[in-house]
Structure formats: C-alpha cells, structure tokens
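Everything on this sheet refers to the single structure shown next.
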2 protein chains.
Amino acid sequence: MKSSNMLMLESKAQIFKALGHPTRMWMVERLAGGECCVCEIVDGVGADFSTISKHLAVLKQAGIVADEKRGKQVFYRLKCPCIMDFVHCIENVVINGAEEQHQVLCCGLEEGKNELER
Amino acid sequence: MKSSNMLMLESKAQIFKALGHPTRMWMVERLAGGECCVCEIVDGVGADFSTISKHLAVLKQAGIVADEKRGKQVFYRLKCPCIMDFVHCIENVVINGAEEQHQVLCCGLEEGKNELER
DNA sequence: TGCATATTTGGTAAAATAACCAAATGTAAT
DNA sequence: ATTACATTTGGTTATTTTACCAAATATGCA
C-alpha cells in the first residue's frame with residue numbers, strides 16, 4: 001500500500017473498529033442519551049466489570065468517549081454526540097437492506113436530522 | 001445485554017467492523033473515486049490477490065460495496081458513496097485530536113461538504 | 001479444445017480480540 | 001488506619017482475524 005497517509009488510514013480504521021462490536025455499539029448508544037457511570041453500563045450489558053472496563057478503554061483510546069472520575073465512580077460520556085448521526089444512517093442501511101442503501105444512507109444527515117433526544 | 005434489538009446492534013457493528021481495517025479503509029477511499037477492478041486494488045495495496053479478494057468479500061458482505069463481473073475482470077464499486085462523509089468526518093477527528101473533536105466532527109456534513117471528487 | 005488471465009476458495013500459521021477470574025488501585029466513610 | 005465500594009489491570013483461554021500459498025473456478029481468445 002503506497003502510504004504517505006498510512007498513519008491516517010490506521011487511525012481512521014481504529015475508530016471504525018472501535019465501533020465494530022455489539023457491546024461497544026450498545027454503549028455508544030447508551031451514552032448518546034447522556035453520560036453514565038461504569039456500573040450503569042455493567043447493569044445494562046450484563047457482563048463482567050472487567051469486560052466492560054476494557055470495552056470502554058477501547059472507545060476511549062479511539063477518542064470516542066471521555067471519562068471523568070467523580071467520587072468513587074467514573075463517568076463516561078460521548079466525546080462527540082454527532083457520531084450518532086453515523087449510527088442512525090447505518091441503522092437505515094441495515095433496515096432497508098442492500099437495494100435501497102444508496103438513497104437511504106445519505107438521508108439523515110443531509111436533512112440535518114438529529115434524533116439524539118428521542 | 002437486554003436485547004430486543006440485539007440483532008440490529010450486531011448488524012450495525014458488522015458494518016463498522018468492515019470499515020475497521022486499514023486496507024479496507026484504503027479500498028473504500030479508492031472506490032470513492034470510482035469503480036475499479038480487483039487487479040487495480042491489488043496493485044495499489046500490494047498484497048496477495050487472495051488477501052485483497054477476502055477483504056473485498058468482507059466489504060461486500062457488509063453491504064458497503066457491490067461487485068460486477070465484466071469479461072475476465074470483476075469491478076467493485078461503493079454501494080453508497082456518501083459513506084465517505086463519515087470517513088471525512090473521522091478524518092477530522094484524527095487530525096484535530098481529542099480536544100476539538102466535539103466541534104470538528106460535526107462540521108463536514110452540516111455545511112454539506114463533499115470532497116469525493118478531489 | 002486448450003491456454004492464459006483474473007479472481008475466489010481452502011488451508012494453515014501467526015497475531016489480535018474477547019471474556020472471565022483474581023488481584024491491584026483509588027476514593028470515601030467509619 | 002481500616003474497611004467497603006467502584007473500577008482497572010494482569011493473566012489465561014477460546015475465538016476470530018489476517019496473511020500467504022496452493023488449488024479451484026470462470027472467461028475470453030488462439
């Protein structure tokens with residue numbers, strides 16, 4: 001691969017990769033509804049604390065979430081809530097299947113929709 | 001994980017995962033410039049034919065690209081060129097680092113920028 | 001028909017990921 | 001200071017991913 005921009009390529013891929021796991025996807029959607037502490041995520045996902053912690057570390061490492069310790073708890077939040085625009089588009093891709101992808105994937109963003117608040 | 005929508009979650013994650021590899025990222029960007037045949041991608045990436053073929057299969061499986069056989073060659077194209085909007089946003093995230101992400105990630109789309117043609 | 005070209009498929013080994021448990025760390029309250 | 005709670009880190013094992021090679025398949029041309 002001819003790569004003056006190999007590093008950029010890897011960085012971008014890393015961000016997508018971080019979103020490429022159902023549990024982390026769930027977390028991102030959860031955090032889109034507002035920050036929450038690790039224990040809340042553990043409750044929602046139903047996996048081991050350590051597992052959740054590691055998934056959160058992946059998202060953090062990719063720059064998708066930020067964490068803040070307050071008292072005994074650590075709170076995570078989406079660093080960029082607009083990442084949900086992506087997610088909603090992808091959702092449409094999934095729902096509408098292969099055929100309509102072309103139209104559908106573009107829609108949400110171009111009309112400036114943002115359904116984070118729902 | 002409480003999952004009436006577990007399947008949806010997995011499908012979305014799969015799409016992100018497909019984008020989560022430098023080589024596949026490169027391919028998507030290459031295809032954003034217009035369809036091309038497998039051999040052109042092989043040349044660009046510099047990996048084995050079989051490796052490229054398998055990466056393309058991942059993208060196809062995820063519904064990101066489509067293939068069409070013409071003569072001896074197989075041509076691939078982006079099923080949804082607007083997926084590049086995502087990629088460019090992510091690019092900004094990478095460039096601007098953690099601090100500015102919040103503003104930057106949103107920009108490209110809201111101003112309707114689309115640099116596919118460059 | 002038979003050959004060369006283009007691509008995919010199958011197999012295998014190395015590397016990366018993911019889940020859990022146990023132990024370590026940091027913080028607050030006693 | 002000790003204890004309890006919240007989270008992270010380290011270790012282990014199972015699974016998945018990736019890359020390459022070799023072999024199979026498909027297509028066009030001699």
Item checked: Pairing of B:R70 and B:E35 as salt bridge, 4.0 angstrom limit -> yes
Note to self: Between A:L59 and A:M27, is there a side-chain heavy-atom distance shorter than 4.5 Å?
What the structure shows: yes
Notebook entry, point to check: Of the nucleotides C:dA18, C:dA19, D:dT8, which has the atom closest to the A:R24 side chain?
Noted result: C:dA18
Checklist line | A:K60 NZ to D:dT8 C1', straight-line distance once rounded to whole Å | finding: 10 Å
Checklist line | Value in whole Å for how far the P atom of D:dA19 lies from CG of B:L56 | finding: 12 Å
Next item on the list: Return the value, rounded to whole Å, for the distance between atom CD of A:E68 and atom P of C:dT27.
Entry: 13 Å
Notebook entry, point to check: Which part of the nucleic acid, if any, lies within reach of B:F75 when heavy atoms closer than 4.0 Å are counted: base, sugar-phosphate only, or nothing?
Noted result: nothing
Item checked: Closest-nucleotide ordering on DNA chain C, the 5'-leading residue of A:T51 and B:Y76 -> B:Y76
Notebook entry, point to check: Roughly, in whole Å, what's the span from NZ in B:K54 to P in D:dA19?
Noted result: 10 Å
Next item on the list: Give the nucleotide from the list D:dG10, C:dA16, D:dT17 with an atom nearest to the side chain of B:K17.
Entry: D:dT17
Next item on the list: Identify which nucleotide among D:dT7, C:dA6, D:dC20 has an atom closest to any side-chain atom of B:D48, counting heavy atoms from C-beta outward.
Entry: D:dC20
Note to self: Closest-nucleotide mapping onto DNA chain D: is A:Q73 or A:S50 further toward the 5' terminus? I mean the 5' end.
What the structure shows: A:Q73
Check: If you measure from NZ on B:K79 to CD1 on B:I64, what distance do you get to the nearest 0.5 Å?
Finding: 10.0 Å
Checklist line | Value in whole Å for how far the P atom of D:dC20 lies from CD1 of B:I52 | finding: 9 Å
Check: According to the interplanar angle, ranging from 0 to 90°, do the rings of A:F86 and B:F86 count as parallel (below 30°), tilted (30 to 60°) or perpendicular (above 60°)?
Finding: parallel
Next item on the list: Classify the nucleic acid contact of A:R70 as base, sugar-phosphate or nothing, counting any heavy atom under 4.0 Å across all strands shown.
Entry: nothing
Next item on the list: Without swapping roles, check the side chain of A:R24 against the backbone of A:A18 for a donor-acceptor pair under 3.5 Å.
Entry: yes
Margin query: Nearest whole Å is fine: how far is D:dT27 P from B:D67 CG?
Written below: 13 Å
Check: C:dT7, D:dT7, C:dA18: which one has an atom nearest the side-chain heavy atoms of A:H21?
Finding: C:dA18
Check: For the base of D:dG28, is there a side-chain donor-acceptor partner from B:K69 under 3.5 Å away?
Finding: no
Notebook entry, point to check: Just how far, in rounded Å, is P of C:dC20 from NE2 of A:H55?
Noted result: 9 Å
Next item on the list: Select one nucleotide: of C:dT7, D:dT7, C:dC20, the one nearest the side-chain heavy atoms of A:V74.
Entry: D:dT7
Checklist line | Nucleotide of C:dA18, C:dA22, D:dT27 approaching B:K72 most closely (side-chain heavy atoms) | finding: D:dT27
